[in-house]
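Following: one structure in C-alpha cells, then a few remarks.
Along the sequence shown, the residues carry numbers beginning at 1.
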Amino acid sequence: MTSLFAATCVAAASLVTAQSALAQAAPAAAAQAPISHGPAIPGVCVVSLEGAIGASTVGKYVQTRLGQIGTQVQAELTAEQTAINNAAKALDAQKGTLDQASFDKQAADLQLRANAYQRKGQLRDREMQATQQKALGRVGQELDPVIRTAYQQSKCSLLLQRDALVIANPAMDITGAVVTGLNAKITQFAFDREHLDQPAPAAQSGK
C-alpha cells in the first residue's frame with residue numbers, strides 16, 4: 001500500500017491517452033460473449049485506477065477543463081500565426097516597391113517574430129503538459145485515501161490492478177466503490193494553465 005499514491009498518479013497521467021484507446025476498444029468488447037467466472041477469491045480485490053478516474057465526476061471535469069484551456073491556447077497561437085502570415089503576404093506584395101535594404105530589414109524582423117512564435121508554441125506545449133500533470137496529480141492525491149477506505153471496507157487482503165490482469169471475477173472488483181467514494185469527496189477544483197515563463201521570485205536575503 002505504500003506505493004499506492006504513486007500508482008494513482010501514474011494511472012492519472014496515462015488517463016488521457018487511455019480514454020481514446022478504451023473508446024475504440026469498447027465496441028469490440030461489447031460484441032464478445034459473456035464470460036463465466038469461477039468463485040471469487042476471499043480477500044483478493046481488484047481495482048481499475050484509470051477506470052475509477054475516468055468514471056468519476058472530478059476526472060471528467062479535469063478532462064473538460066483541460067480541453068477548455070487547450071482551446072484557449074490554440075486560439076492564442078492561431079491569432080498570432082495569422083498575423084505573421086498576413087505580415088508576410090503584405091511584405092511580399094511590397095517587394096517590388098521597397099529598396100533592398102528596407103525589404104531585408106522587414107524580412108529579418110518578420111523572421112524574428114516567426115522564431116518567437118515557434119518558441120511560444122513550444123512553451124505552451126510544455127505548459128499544457130505541466131497543467132495536465134498537476135491537475136491529474138491532484139486527482140491522484142484525492143483518490144489515494146478513497147482506495148484505502150474501499151480496501152478496508154471490502155475486507156481485502158490483496159489489491160491488484162485490474163488493468164494489469166487479463167480477466168477477473170467482477171465480484172472482486174472495488175472500482176465502483178472507489179468511484180462512489182471519490183464522487184462524494186470531490187467533484188471539481190479550480191485550476192488554470194501553468195505559466196513556465198514567469199521568473200522565479202528573488203530570494204530574500206536575511207539580515
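A 4.5 Å side-chain heavy-atom check between Leu49 and Ile147 finds at least one atom pair inside the cut-off. Two residues are said to be in side-chain contact when any heavy atoms from C-beta on lie closer than 4.5 Å; Phe189 and Arg138 meet this criterion. Side-chain contact between Gln68 and Asp192 is absent, with no heavy-atom pair separated by less than 4.5 Å. Side-chain contact between Arg193 and Gln72 is absent, with no heavy-atom pair separated by less than 4.5 Å. Taking 4.5 Å as the limit, some side-chain heavy atom of Leu159 sits within range of a side-chain heavy atom of Ile174. At least one side-chain heavy atom of Ile186 sits less than 4.5 Å from a side-chain heavy atom of Val58. Contact annotation: the side chain of Leu158 approaches that of Leu160 to within less than 4.5 Å [non-hydrogen atoms, C-beta and beyond].
The closest donor-acceptor contact from the side chain of Arg65 to the backbone of Phe191 lies under 3.5 Å. Between the side chain of Thr175 and the main chain of Ser48, a donor-acceptor pair closer than 3.5 Å is present. Panel note: side chain Glu127, backbone Leu196; a donor-acceptor pair is recorded below 3.5 Å. Here the side chain of Ser56 pairs a donor or acceptor atom with the backbone of Ile53 at under 3.5 angstrom. Panel note: side chain Tyr117, backbone Leu112; no donor-acceptor pair is recorded below 3.5 Å. When atom types are taken as modelled, the side chain of Lys134 and the backbone of Glu194 share no donor-acceptor pair closer than 3.5 angstrom. Between the Ser102 side chain and the Leu98 main chain, no donor and acceptor come within less than 3.5 Å of each other.
Applying the disulfide bond (SG atoms under 2.5 Å apart) rule to pairs touching residues 77-121 yields nothing, sequence neighbours excluded. For the disulfide bond (SG atoms under 2.5 Å apart) condition, the pairs that include at least one residue of residues 56-173, sequence neighbours left out, are Cys45-Cys156.
Applying the salt bridge (Lys or Arg N to Asp or Glu O under 4.0 Å) test to Asp125 and every residue at least two apart in sequence or in another chain returns nothing.
Scanning all heavy atoms of the two residues, the minimum distance from Leu66 to Thr131 falls at CD2-CG2, 4.0 Å. Listed here is the closest heavy atom pair of Ala87 and Leu110: CB-CD1, 3.8 Å.
Within a 6.0 Å sphere centred on CD of Gln133, heavy atoms belonging to other residues, nucleotides or ligands number 12 at most. Within 6.0 Å of NZ in Lys95 there are 12 or fewer heavy atoms belonging to other residues, nucleotides or ligands.
Rounded to the nearest 0.5 Å, atoms CD (Gln94) and CG (Asp92) are 10.0 Å apart.
A salt bridge between Arg113 and Asp109 is absent, with no side-chain N of the basic residue lying under 4.0 Å from a carboxylate O of the acidic one.
Side-chain atoms of Asn85 and Gln81 include no donor-acceptor pair closer than 3.5 Å.
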